[in-house]
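Note sheet for the following structure.
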Amino acid sequence: MQFKSLLLTATVGLFCKTVSADSQTGICTPTLGTPVNGFHAKFFKYIYPDYAREGSDEDYITTNYNRDDRFITEKDGITDVNFYHFYNIKPNGPTYGIVNGLNITTSNFTVEYSGWFVPTETGDHTFKIGQTDDGTSIEIYEDNYSLCCGTIVHRTLIQNLQIYDNEYVKEQSIYMEAGVPYPMKIVYFNKDAVAIQTVSFVDPSGNTHDNFEGYAKYYNDVKCKI
Ligand SMILES: *[C@@H]1O[C@H](CO)[C@@H](O)[C@H](O)[C@H]1NC(C)=O
Ligand SMILES: *[C@@H]1O[C@H](CO)[C@@H](O)[C@H](O)[C@H]1NC(C)=O
Ligand SMILES: *[C@@H]1O[C@H](CO)[C@@H](O)[C@H](O)[C@H]1NC(C)=O
């Protein structure tokens, strides 16, 4: 499944606009099938400074990164989305390193982690972006409707665009129910040199998690009713 292509199913979205609120929830709720553990990671190029000239960092991390002609590879089963590539940066040219087992130019790349967050406890979950270079975006959907009907979206968006010596934390709390799969996406990009991402969440009991082990799932068999 391509998370983004489902989000942008415009014809289905238009159809949903014409039906009542009650039937919207029925038609727009997908069946998910059986999940695999972890997020689905998609890696994309970042050619610096070319991509930076095309638009703002915010536009890039929100939509512009996701282009077939810039796609590198994909992987399943990712629960650790954090990395710290600060040392041994090559001054003139790409620096290679390992991200989720993939040898990539850590100095310039983009990664999208998509899937569902399945809480184990009911209550407020606080999602945080700490140190990041160049940027991190987290999107959490409080329903599945956007997967089948693009127009209905209850979304929480947290974005942090900064460089490594700024440790300003961006965070938001969301009330979530145990066992319910919430669609979620984390996008990271690095233009040049240092690559750092620091994402965590605090569960309703107050425990901080710096990876998504036991929480991230990916459903390969999402089916919409129309
Ligand atoms: C990184 O930048 C170099 C040019 O400096 C380019 O050749 C390479 O394709 C880029 N890699 C990625 C993953 O963007
Ligand atoms: C990663 O790829 C680069 C370029 O092909 C290579 O020079 C480097 O040795 C590789 N690193 C690892 C750990 O395999
Ligand atoms: C997403 O869809 C599944 C299957 O219909 C459902 O069990 C789950 O509650 C939905 N998640 C949300 C956040 O509404």
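Read the numbers this way: they start at 1 and go in the same order the structure lists the ligands and their atoms.
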Asn103 neighbourhood, listing ligand 2 atoms whose heavy-atom distance to it stays under 4.0 Å: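 Reading through ligand 2 atom by atom, the close ones are 1 (C), 2 (O), 3 (C), 8 (C), 10 (C), 11 (N), 12 (C), 14 (O).
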Separation of SG atoms, Cys148 and Cys28, below 2.5 Å: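 No.
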Need the list: ligand 3 N/O atoms against protein N/O atoms, distance under 3.5 Å, rounded to one decimal.
| residue | atom | partner | partner atom | Å |
| --- | --- | --- | --- | --- |
| ligand 3 | 2 (O) | Asn144 | ND2 | 1.9 |
| ligand 3 | 5 (O) | Pro30 | O | 2.8 |
| ligand 3 | 11 (N) | Asn144 | ND2 | 3.0 |
| ligand 3 | 11 (N) | Pro181 | O | 2.9 |

CG (Asp165) with more than 12 external heavy atoms under 6.0 Å: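 Yes, enclosed.
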CD/Glu58: more than 12 non-hydrogen atoms of other groups inside 6.0 Å: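 Not buried by this count: 12 neighbours or fewer within 6.0 Å.
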Atom pair CG/NZ of Leu157 and Lys185 - distance to nearest 0.5 Å: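 It is 10.0 Å, given to the nearest 0.5 Å.
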Separation of Thr79 OG1 from Tyr113 OH (nearest 0.5 Å):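 These two atoms lie 10.0 Å from each other.
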Cation-pi check, Arg67 onto Tyr51 ring (under 6.0 Å, within 45° of axis):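 Pair Arg67/Tyr51 does not count as cation-pi.
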